[in-house]
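Below is one structure; the comments refer to it alone.
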Amino acid sequence: SFLLQNGIVKDILKFRTNKRDYTKKEIRIFYGAGSNTHDADFDMIHLAISDILKRYPNVHLYVIGQLTLNPAFMQYKNQIHCVSRLSAKNYFREIAKYDIALMPLTNTFFNNCKSNIKFIEASILNIPSIASNLIEFSNVIEDGKNGFLAKNNYNEWYTKIEKLVLDKDLRNELARNAFQSCTALYGIQKQTKTMEGILRKCEILSINHDKKNNSQLNILQVNLYFGLNSLGGATIVVENIAEEMAKLENTAANVSIFT
């Protein structure tokens with residue numbers, strides 16, 4: 001089997017032009033919950049976040065998607081903002097406004113199989129990230145250089161959130177390094193090179209096509225999900241990568257996606 005990781009598509013890069021106003025005192029932390037399956041992940045760090053909100057009234061928490069907040073947050077309701085589900089474009093437009101991204105995941109077999117797509121998305125938009133120290137995050141995040149990795153305990157999460165809240169220069173530095181890391185690892189050119197390598201190993205690119213009749217190799221990407229409720233962000237990622245590959249000039253293949 002072969003693996004083609006998540007990647008960056010050009011359409012998302014335009015949202016980097018949204019300038020966040022660091023002259024404002026408000027620091028905006030966001031958590032992208034998406035579906036209603038992340039209550040346990042977020043609840044794991046709720047004490048650290050609630051204590052941050054208590055100590056720093058200028059810090060605001062933005063939750064995107066479906067999430068059941070711990071009752072401890074009720075006393076900070078003026079600092080908490082819930083945003084319902086958004087379309088892909090509106091999602092990127094929305095999160096471009098924020099200053100810090102949180103990515104907690106409990107250490108389960110299922111979560112260790114997840115990708116680091118949320119880190120990629122935040123990094124594209126110049127947002128520094130704090131993520132649980134699970135394999136997909138630790139494969140790309142160098143702690144303290146292009147993001148923060150946190151063990152799943154109160155002290156780690158509180159300390160690292162507080163560092164970013166208090167230090168604008170550190171936020172900028174981590175965000176800049178994260179963007180550079182992601183463009184190098186997940187840019188469309190890297191994705192194309194990886195895909196070409198996969199096709200060559202499968203001996204697909206060695207097939208001779210009829211140039212006289214302008215025939216192309218047709219590649220169908222099949223995307224399978226369990227249940228209609230699972231159809232969402234991951235589908236969009238695969239679809240966007242396929243579309244970008246299809247736009248490349250001098251390609252020998254016609255790329256389609258079936259979901």
Side-chain angles (χ1 to χ4, degrees), residues 3-22 27-34 38 41-42 45 61-65 83 86 88-105 111 114-150 156-157 160-161 163-165 167-194 232-234 236-241 244:
L3 173 66
L4 180 66
Q5 294 181 308
N6 291 313
I8 299 171
V9 295
K10 294 177 182 177
D11 286 349
I12 300 174
L13 294 174
K14 65 185 178 184
F15 295 108
R16 283 172 52 84
T17 59
N18 290 342
K19 302 294 184 180
R20 281 168 283 129
D21 187 359
Y22 282 121
I27 303 298
R28 293 152 289 189
I29 298 175
F30 93 94
Y31 174 67
H38 294 285
D41 298 323
F42 192 78
I45 64 169
L61 173 67
Y62 290 79
V63 177
I64 301 178
V83 182
L86 301 167
K89 288 184 178 180
N90 286 333
Y91 174 77
F92 292 117
R93 185 178 290 110
E94 177 68 23
I95 69 173
K97 305 172 185 176
Y98 303 141
D99 305 297
I100 301 169
L102 303 181
M103 299 158 198
L105 285 174
N111 283 343
K114 288 189 172 183
S115 76
N116 56 18
I117 184 62
K118 290 185 178 179
F119 172 73
I120 297 173
E121 291 171 347
S123 300
I124 293 171
L125 300 173
N126 277 338
I127 306 169
S129 300
I130 307 173
S132 288
N133 193 4
L134 270 61
I135 187 166
E136 278 301 306
F137 289 129
S138 63
N139 280 342
V140 64
I141 298 176
E142 295 182 58
D143 189 41
K145 182 176 180 181
N146 61 354
F148 277 136
L149 290 170
E156 284 265 318
W157 278 92
K160 292 184 174 181
I161 293 172
K163 282 183 178 179
L164 290 183
V165 165
D167 194 335
K168 176 184 69 175
D169 291 336
L170 180 60
R171 294 198 300 270
N172 286 335
E173 179 185 351
L174 296 189
R176 182 171 57 251
N177 292 339
F179 177 72
Q180 292 173 353
S181 297
C182 286
T183 50
L185 292 171
Y186 308 111
I188 188 62
Q189 297 301 326
K190 178 65 180 293
Q191 293 288 95
T192 303
K193 186 176 180 180
T194 302
I236 294 170
V237 171
V238 176
E239 208 167 25
N240 285 342
I241 292 174
E244 288 295 325

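Below, all heavy atoms of this structure are taken into account, side chains as well, without hydrogens, waters or symmetry copies.
At least one side-chain heavy atom of Asn172 sits under 4.5 Å from a side-chain heavy atom of Lys168. Side-chain atoms of Ile120 and Leu185, non-hydrogen and from C-beta on, never get closer than 4.5 Å to each other. Side-chain atoms of Asn116 and Asn139, non-hydrogen and from C-beta on, never get closer than 4.5 Å to each other. Between Lys190 and Thr194, the closest side-chain pair of non-hydrogen atoms falls below 4.5 Å.
Residues Ile127 and Ala101 share a closest heavy-atom pair of CG2-N, 3.7 Å. Nearest heavy atoms, Asn126 versus Ala175: O-CB, 3.3 Å. Across Pro128 and Leu164, no two heavy atoms sit closer than the pair CB-CD1, 4.2 Å. Shown here for Ser129 and Ala122, the closest heavy-atom pair between the two residues is OG-CB, 3.6 Å. Residues Ile141 and Gly147 approach most closely at CG2-C, 3.7 Å, considering heavy atoms. Closest heavy-atom contact between Val83 and Glu94: CG2-OE2, 4.2 Å.
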Step by step, work out the side chain to side chain contact (heavy atoms under 4.5 Å, CB included) result for Trp157 and Leu102. CA-CA 9 Å; Trp157 278 92; Leu102 303 181; 4.1 Å; yes
Start with the C-alpha distance between Ile27 and Arg171, add both sets of side-chain angles, then the distance that settles side chain to side chain contact (heavy atoms under 4.5 Å, CB included), and finish with yes or no. CA-CA 11 Å; Ile27 303 298; Arg171 294 198 300 270; 3.7 Å; yes
Given Phe92 and Ile124, is the side chain to side chain contact (heavy atoms under 4.5 Å, CB included) satisfied, shown in steps? CA-CA 10 Å; Phe92 292 117; Ile124 293 171; 6.0 Å; no
Starting from the C-alpha separation in whole Å, work towards a yes-or-no answer on side chain to side chain contact (heavy atoms under 4.5 Å, CB included) for Asp143 and Phe148. CA-CA 5 Å; Asp143 189 41; Phe148 277 136; 3.4 Å; yes
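In this structure, Asn146 contributes its side chain and Val140 its backbone to a donor-acceptor pair below 3.5 Å.
Only one option out of Tyr91, Tyr62, Phe42, Tyr98 pairs with Phe30 in a ring-ring contact (aromatic ring centres under 6.0 Å, His included); it is Tyr98.
Rounding to the nearest 0.5 angstrom, the gap separating the CG atom in Leu125 from the CD1 atom in Ile95 is 5.0 Å. Between atom CD1 of residue Ile117 and atom CD of residue Glu136 there is a gap of 11.0 Å, rounded to the nearest 0.5 Å. The CD1 atom of Ile100 lies 11.0 Å from the CG atom of Leu61; values are rounded to the nearest 0.5 Å.
The environment of NZ in Lys114 is crowded: more than 12 heavy-atom neighbours from other residues, nucleotides or ligands sit within 6.0 Å.
Seen from the ring of Phe137, Lys118 does not count as a face-on cation partner, given the 6.0 Å and 45° thresholds.
With 3.5 Å as the limit, one finds a donor-acceptor pair spanning the side chains of Asn111 and Asp41.
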